[in-house]
Amino acid sequence: MRLLQCPSCCNLDNKESQAHSHNHLNSELSTSSSLSSQPSLPSVPSLTPQSQSQTTHHKLLTTINNHSSPIVSLALHGNAHQDHKIRVWKIETNSSPNERYKCIATLPTFNDRISKLFSSKNYVKVRRHKKYTWVHHVDTVSALALSSDGSLLYSASWDRTFKIWRTSDFKCLESVRNAHDDAINALVLSNDGVVYTGSADKKIKVWKSSDNKNNHQKQHTLLGTLEKHKSAVNALALSTDGSILYSGACDRSILVWENKSTNNNDINININIVLVGALRGHTKAILCLVVVADLVCSGSADNSVRIWRRGIEWNYSCLAVLEGHRKPVKCLAIGVESNNGGPHNNDDDNNTSSYHLYSGSLDCDIKLWQIRTIPTLS
């Protein structure tokens, strides 16, 4: 895999960006380094107290280091691609390891492409003297998300669009063009269908589908824009109930947003998303976020992973700093191991929770960490 220019932390013009697309890592690191000497959004209050008590145990379980190229996308299920396509894989649990994953579709599908070829209204201009049908992504696919019922797949791209696909036949139902002024780096989806997109244009946008009165089809409409980051937004994550949005950017800050919106499944929803504060500690750009229960995990260009815990009254504590990667941590995934601390628990650990955290880095390694949290005393 060849490294491409990442729009998230770079300010190159189009020509220079195309000419230096292979310098993704160097440009990202140099930009992050310059940001590290600047205040990290000083106007936003910090949610982490100066003195913190440790309420977690963590250890590195293993390192998978046979990859020949940097790890840029990691999930327990799913992936993203730099060839502008989306691939759907079926897991055959009864097959041999070499035949366990079967590619069952590439999006857009052949039928989707053919059906859009013969009408000029299906073509959109993507650059000078160049047109594609609207079902195509024309740049790196940067994010994927499934609806809560699994019926819809959302994809976001550096081409500034996000698209919605029906999973029953993988047909592209909608493409939201020019959703941002720059590359879209992140997309998350709440259980009630609200879509959040984060972009290199420093903005987070909030979207919701509604019925189009002209063609009676669902279309996404912009509900609001969140503007507080001073640099490219690289990562988004939602709490389980969707009431808290976390955003990470090249400004080294993880912003915490509270969603007070009234949800009546109507496009006229009253959007009320309030910035609560910031989580600070990373010394370079925030590149990825993942949330489980009351834990927030962040990966950074400073080569570390931080584990944060949400407390009461918007207080957060940094439980651990995981170090060991030699280059920026680009992706994270987490799964619940147990609710009683796993096989090594004792009588005092009956209320602990244990998680497996996977971190992927540009150093070509995937690390597996065990995180065990202990309930805080009231």
Side-chain angles (χ1 to χ4, degrees), residues 75 77-78 80 86 137 141-157 160-167 172-213 216-229 232-249 254-277 286 288-294 296 310 314:
H77 297 284
I86 301 166
H137 278 303
V141 177
S142 55
L144 297 172
L146 273 173
S147 61
S148 57
D149 62 1
S151 64
L152 298 175
L153 172 68
Y154 288 72
S155 62
S157 171
R160 300 185 296 165
T161 74
F162 70 90
K163 301 183 189 295
I164 299 90
W165 313 78
R166 187 169 58 202
T167 56
C172 188
L173 302 178
E174 182 187 356
S175 178
V176 181
R177 294 183 59 208
N178 298 318
H180 282 269
D181 297 326
D182 207 333
I184 302 177
N185 295 323
L187 182 150
V188 291
L189 184 64
S190 69
N191 291 334
D192 57 5
V194 176
V195 182
Y196 301 85
T197 53
S199 169
D201 65 8
K202 310 175 187 178
K203 299 174 184 177
I204 302 167
K205 292 190 176 183
V206 187
W207 311 81
K208 179 81 172 182
S209 64
S210 63
D211 291 318
N212 187 303
K213 295 180 180 179
H216 304 290
Q217 293 181 347
K218 291 280 187 180
Q219 289 189 338
H220 282 75
T221 302
L222 180 64
L223 299 184
T225 302
L226 310 178
E227 299 183 68
K228 195 61 181 180
H229 283 292
V233 178
N234 298 324
L236 297 173
L238 279 171
S239 61
T240 304
D241 62 2
S243 63
I244 305 173
L245 173 70
Y246 300 91
S247 58
I254 303 169
L255 296 189
V256 181
W257 309 79
E258 181 183 12
N259 189 348
K260 298 182 177 180
S261 307
T262 55
N263 185 6
N264 54 6
N265 293 321
D266 190 344
I267 195 60
N268 296 319
I269 181 175
N270 180 25
I271 285 294
N272 183 16
I273 301 176
V274 180
L275 178 61
V276 179
I286 311 298
C288 50
L289 294 168
V290 67
V291 175
V292 61
D294 59 351
V296 182
R310 186 177 76 248
W314 297 108

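Distance check: Leu275 CG to Glu258 CD gives 11.0 Å after rounding to the nearest 0.5 Å. The NZ atom of Lys202 sits 16.0 Å away from atom CG of Leu226, with the distance rounded to the nearest 0.5 Å. Taking OG of Ser148 as the start and CG of Leu189 as the end, the distance is 7.0 Å to the nearest 0.5 Å. The distance from the CD1 atom of Ile254 to the CG atom of Leu236 is 12.0 Å, given to the nearest 0.5 Å.
In terms of heavy atoms, Glu227 sits closest to Lys203 at OE1-CE, 3.5 Å. Scanning all heavy atoms of the two residues, the minimum distance from His180 to Thr197 falls at NE2-OG1, 2.7 Å. Between His137 and Ser157 the shortest heavy-atom distance is ND1-CB, 3.2 Å. Taking all atoms of both residues into account, the shortest heavy-atom contact from Leu245 to Val188 is CD1-CG2, 4.2 Å. Nearest approach of Ser247 to Ile204, heavy atoms of both residues: CB-CD1, 3.4 Å. Taking each heavy atom of Leu144 and Ile86 in turn, the nearest pair found is CD2-CD1, 4.0 Å.
Every ring-ring contact (aromatic ring centres under 6.0 Å, His included) that Trp207 has, sequence neighbours left out, goes to Phe162.
At least one donor-acceptor pair closer than 3.5 Å links the side chain of Ser199 to the backbone N or O of Ala183. Checking side-chain atoms of Thr161 against main-chain N and O of Ser175 turns up no donor-acceptor pair under 3.5 Å. A donor-acceptor pair under 3.5 Å is formed between the side chain of Lys208 and the backbone N or O of Asp192. At least one donor-acceptor pair closer than 3.5 Å links the side chain of Asn185 to the backbone N or O of Val233. No donor-acceptor pair closer than 3.5 Å links the side chain of Asn234 to the backbone N or O of Gly248.
Contact check on Asp201 versus Arg160 returns no salt bridge, with no Lys/Arg side-chain nitrogen under 4.0 Å from an Asp/Glu carboxylate oxygen.
Under the side chain to side chain contact (heavy atoms under 4.5 Å, CB included) rule, Ile244 has a single partner from Leu238, Val256, Asn259, which is Val256.
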